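Positions are given from 1, in the same order as the sequence printed here. We use all heavy atoms of the structure for the numbers below, so side chains are in, but hydrogens, waters and symmetry mates are not. Owing to the predicted nature of the structure, the values given are computational and were not obtained by experimental measurement.
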Amino acid sequence: MSWLPLSFGAPMVLWGLLALPVIWYLLRLTPPRPRTEVFPPLRILARVLRREETPHQSPWWLTLLRLLMAALVVTALAEPIFNPREKLPAEGSALALVIDNDWASAADWGKRVATAERLIADAGSNGVPVVIAFTAEKPNAEIGPFDASAALDRLRAAKPRPIPTDRPAVYARVAATLERLPGASVAVLADGLAATGDEAAFKTLLEKNAARLVWATSDRLSLTGLTGADNQVDGFTLTAIRAPGDPAPAQITAGAFDDKGRRIADATLTFAPGQVTATGTMKVPFELRNDFASIALDGEHQAGAVRVLDESSKRRRVGLLSQAEADQAQPLLSPLYYIRRALQPFADLVEPSSADLADAIPQLLDQKPAMIIMADVGTIPAQVRQRLVDWVNNGGTLVRFAGSRLAAAGNDDDLLPVRLRSGERALGGALSWTTPQPVTEFPKNGPFADLAPPTEVTVSRQVLAEPTPDIVERTWATLADGTPLVTGMKKDKGTLVLFHVTPEATWSNLPISGSFVEMLRRIVQLSRNQGAAVANAEAAAASLAPYRMIGADGALVPPTPDARPLVPAAGPLPVTLENPPGLYGSETGVFAHNLLNASSTFTPLARPQVSLPVTAIAYAFDESENLKGPLVTLALLLMVLDTLAVFWMGGLFSRRPRRAAATAAALLIVFGGLFGHADFARADDSKPGDSQAIEDISKTRIAYVITGEPGVDSISRAGLEGLTRFLIEKTALEPGPPAGVDISKDELTFYPLIYWPIDATAPMPSEAAIARIDAYMQQGGTVLFDTRDQFSNGIGAGSASPATERLRDILGNLNVPPLEPVPSDHVLTKSFFILPEFPGRFNGSPLWVEASLDASNTENRPVRTGDGVSPIMITGNDFVGAWAVDENGDPMLPTVPPDPMQRVYALRAGVNIMMYMLTGNYKSDQVHVPVLLERLGQ
């Protein structure tokens, strides 16, 4: 029985409400209240003998109270339900629940479980057995039939898996079980994604023994997946997909994480209206890209939105090969000398131990390099030539340099990008009318398009390419007369590149130019790693143990008990329960096994066309609420009130106060036992300041000095809150809320940075307070003074604003080190973002820091040495004014000038300052790791 949002499980009980008039009549008769009389007994006796007492009516409010109590009891017995749900068709000989618990179901798994619980509950109320099967479990998993209680236990024990569904196998098992239970209701709780074999699977499940179909799906397929993450020349190129049928544009953000889970880069991917594919580029330095361990889409809590990365996406392995032996007395004439110097900073170089090409080429190929460079190598031996061709076709990058051997070897269509003319061309010689040619601008269709042309480079000798119709498309660099200098082409999955000059500075001065380094670097970034190096064929065929798995919610988790070793193969590997997506291998090397690949698409699942009765439902939580408990509770409360009213009317409280108090106490105890319990406070042995201290050190917090000026202090807090939001969004740091400190009494050592807005109207700090600040700075803390007046004339004598005068007074009592504006090579300029300046709400004042007096070699080092953490910083740009946001995250104050990017740069400046405070001169050390390792090797 249902009346709009209210229904009753036993509506016949409501007929009991007809008894309320009878109860009203019975409740009218109550004994009269006893009277208190003066002692004379004869008078009392006379009145008793002379008068006959009649019952008196109960008060109307007491009668109404009792009627309401009776109505509540009757209504509660009728089992009322607020916002009742529709009863689902769980009827017939059995209920067969077939539930998709693959990766696509992880995002709304709770709703699916709630929907299945309602179906099982209805089956239990009808006394129907339940067959329950999951499409992403082991093939031999028990599916029933079970009673409703056992089915609920299995449902609650199930969880989504990071693998695709296997509907054909599971549906076949359910159909075999239903042969013993003909006429069953089949409920399909699908993930909404179509898969191979769906049509045959539904036919097997529904064509024989099913009597009814319950079809449950989401309102719409809103999944977004990441199908590609390729390390290209200018950054990581990302590809995302979504389901078709969405006409609206959409944007999604992808984040890159290192092996410790720290976010180090992000990019935005945009879906055009109606499009199902979006691309974006994560433009970060090549060195930083080598730290990427995984890339994930924000807001997508499922395995398809995550891609793990292995060595194929990181630093490349490059093999070097030359037929000329190195001259130890003249290393500059070695064919590989300049190539080694150019590639060492960003590639792992491997060289064969043998000079014989028949042995050297297999040795290099066994190392599985991403690229092989041949310096003037002529004819390739026949016994290894096909293996080299296959390596290129499968994704290898072969770079060859010209020379006399290559010119004499002739053409090789499989291992050269263009056909060559026989012989060499000499420029500027006695028999040549042409002078050495310079290099002109790089073609727009090549990988060097954004490089500046090396005008200082000239070519005096080269190997010429035959003019063909496709020579222009294959030309990556040309001379001023149009002659190709570098040619290249794609060959299957690989790339062939030819420099038409030698790798040493004999035919051209290109190898000794800076452009040579950049050109080789671009080619290396175009190459693709071929996997981890193996020692022998047996190791190559060995399986890789599970290392880190992708959970159904997209998180990286330890291997599950079901995971088994993975055997790498040439083609795409299937994702199964034994080989879920994730990383396989060990700390020394891993292999990435991802859920989606470049050819993956999201196709919506269509409801099968069957002749059975079909009931379509949507996934939803059960929002119905049983009112029986609250109504019984309210009736008991009214019963207590009725009892107290009877006691009061009987004069119990007025005649015997002590007994009345005891009775009231007993009622309160009973009432408390029914509706709650006493929660006695326990003694707290901690000191009053301990809890605050623990809170202050539990998270990194930025502090600001409380000046006593409400306007200044409120902006300071709002500004640091805005910076905290930005830090949480852009970095792995999650600071706590900003802390306002009174420098005269609060503990300062808990905070790595204290922001001090200088205000001339605020009281001058006491000497004791300044002494505490001085001790804080000496012990490693940093104070950021902000005069907020765009001060740019220095902090010495001269004309200055009132805020600057106040700053001078404060600094006069501190041990201030020598200061200088932040140099362009300071760690602060690159601690997180690359920043040439540090603007705030204004952009006219430099940021002053402790001077690096011992930075004597700045001309050779990208980061200034000797600049640990400065104990003091001074600016006049009003940092917090640019950072300040309101409760909605909107800026509170405009920038001067009103440039939106100035606020972004101000927030980045705050991030750099915090990273500098927490890591010190970390960047200075990391940049020079190759130099340090080289010195250690010496």
Side-chain angles (χ1 to χ4, degrees), residues 99-109 112-113 133-141 154 157-170 173 190-197 223-229 240-241 257 259 261 292-297 300-313 531-532 542-587 589-602:
I99 305 173
D100 287 344
N101 65 324
D102 61 328
W103 64 272
S105 65
D108 58 351
W109 179 248
R112 299 169 191 265
V113 171
F134 300 93
T135 59
E137 295 293 338
K138 294 181 179 179
N140 59 348
R154 291 187 173 270
K159 59 183 180 180
R161 303 281 190 175
I163 61 175
T165 60
D166 186 8
R167 294 193 184 107
V170 175
R173 290 196 63 207
D191 61 3
L193 279 180
T196 304
L223 292 174
T224 305
L226 194 59
T227 59
I241 60 173
F257 302 85
D259 55 0
F292 289 3
S294 63
I295 298 177
L297 300 178
E300 293 288 332
H301 303 293
Q302 36 87 6
V306 179
R307 292 193 71 81
V308 290
L309 307 175
D310 55 15
E311 293 300 320
S312 64
S313 301
S543 58
L544 301 174
Y547 180 61
R548 290 287 186 274
M549 302 293 100
I550 301 177
D553 59 353
L556 291 181
V557 296
T560 61
D562 298 327
R564 297 291 181 266
L566 177 72
V567 178
L573 297 172
V575 176
T576 63
L577 194 61
E578 289 75 21
N579 294 136
L583 296 172
Y584 291 79
S586 63
E587 294 181 356
V590 291
F591 176 82
H593 184 40
N594 288 295
L595 178 66
L596 303 179
N597 53 49
S599 61
S600 298
T601 57
F602 290 161

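Residues Trp109 and Asn101 form a side-chain contact, since some pair of their non-hydrogen atoms from C-beta on lies under 4.5 Å apart. Taking the side chain as every heavy atom from C-beta outward, Leu573 and Tyr584 never approach each other to under 4.5 Å. With contacts defined as side-chain heavy-atom distances shorter than 4.5 Å, the pair Pro164/Asp166 does not qualify. Side-chain contact between Ile550 and Leu556 is present, with heavy atoms from C-beta onward closer than 4.5 Å. Put simply, the side chain of Leu223 reaches to within 4.5 Å of the side chain of Trp103, judged on heavy atoms. Residues Arg161 and Asp562 have side chains in contact (heavy-atom distance under 4.5 Å, counting atoms from C-beta outward).
No side-chain donor-acceptor contact under 3.5 Å links His593 to the backbone of Val308. Checked by atom type and distance alone, the side chain of Gln302 pairs as donor or acceptor with a backbone atom of Thr224 at under 3.5 Å. Asp310 contributes a side-chain N or O that, together with a main-chain N or O of Ala592, makes up a donor-acceptor pair within less than 3.5 Å. Arg307 contributes no side-chain N or O that, together with a main-chain N or O of Gly304, makes up a donor-acceptor pair within less than 3.5 Å. Not a single donor-acceptor pair under 3.5 Å links the side chain of Asn594 to the backbone N or O of Leu596. Formation of a donor-acceptor pair under 3.5 Å by the Asp191 side chain with backbone atoms of Leu193 is found in this model.
Here the CG-CE distance, from Asn579 to Met549, works out to 8.5 Å after rounding to the nearest 0.5 Å. For the atom pair NZ of Lys138 and CD of Glu578, the computed distance is 7.5 Å after rounding to the nearest 0.5 Å.
Heavy-atom minimum distance, Ala229 versus Ile295: CB-CD1, 3.9 Å. Considering all non-hydrogen atoms of both residues, Ile163 and Leu595 come closest at CA-CD1, 4.4 Å. Nearest approach of Arg173 to Asn140, heavy atoms of both residues: NH1-C, 3.8 Å. Nearest heavy atoms, Ser105 versus Pro160: OG-CB, 4.0 Å. Annotation for Val575 and Pro581: closest pair CG1-CD, 3.4 Å, computed over non-hydrogen atoms. The two residues Ala305 and Glu300 make their nearest non-hydrogen contact at CB-CB, 3.4 Å.
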